[in-house]
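The first residue in the sequence is number 1, and the count goes up from there. Just so it is clear, the model here is predicted, and its values are computed rather than measured.
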Amino acid sequence: VTLPTGLGKTFIASAVMFNYYRWFPTGQIFFVAPTKPLVNQQIHAFSSTITEVNEAHIHELTGMNSKISR
């Protein structure tokens, strides 16, 4: 979804993820974001504000940049 800031992208993503969460309780959902603050925002919105999903069911995966020696 491409929308300007503040027009509901987080709500749309949460609604889609929540439906999959309910329909496939043993499945896994991945939300990919370019920054850690955006991931934290989505976790908070998904777990408390929009769907009230238990945060014990939510896991954050992050990566670290590594230097490549030449």
Side-chain angles (χ1 to χ4, degrees):
V1 174
T2 303
L3 292 171
T5 301
L7 289 182
K9 293 183 296 293
T10 298
F11 179 78
I12 292 168
S14 292
V16 171
M17 290 188 299
F18 185 58
N19 281 325
Y20 275 97
Y21 177 79
R22 291 184 314 145
W23 296 335
F24 306 104
T26 60
Q28 295 181 354
I29 301 165
F30 290 87
F31 178 84
V32 180
T35 64
K36 289 181 185 180
L38 187 56
V39 171
N40 291 329
Q41 173 190 355
Q42 186 65 33
I43 288 171
H44 176 71
F46 185 68
S47 66
S48 62
T49 308
I50 297 172
T51 62
E52 298 181 2
V53 170
N54 185 340
E55 281 199 38
H57 294 182
I58 300 172
H59 303 281
E60 178 181 355
L61 302 174
T62 61
M64 297 181 69
N65 291 333
S66 61
K67 294 183 180 180
I68 299 173
S69 59
R70 294 180 188 218

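- Note that CD1 of Ile58 is 11.0 Å distant from NE2 of His44, once rounded to the nearest 0.5 Å.
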Indicate every side-chain donor-acceptor pair of residues 16-26 with a distance under 3.5 Å to a residue at least two apart or in another chain.
residue	atom	partner	partner atom	Å
Asn19	OD1	Arg22	NH2	2.7
Asn19	ND2	Ala15	O	3.3
Tyr21	OH	His57	ND1	2.5

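- One distance of note links NE2 of His59 with CZ of Phe30; it measures 10.5 Å at 0.5 Å rounding.
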Pairs under 3.5 angstrom only: tabulate donor-acceptor contacts from the side chains of residues 1-9 to other protein residues two or more places apart or in another chain.
residue	atom	partner	partner atom	Å
Lys9	NZ	Leu3	O	2.9
Lys9	NZ	Pro4	O	3.2

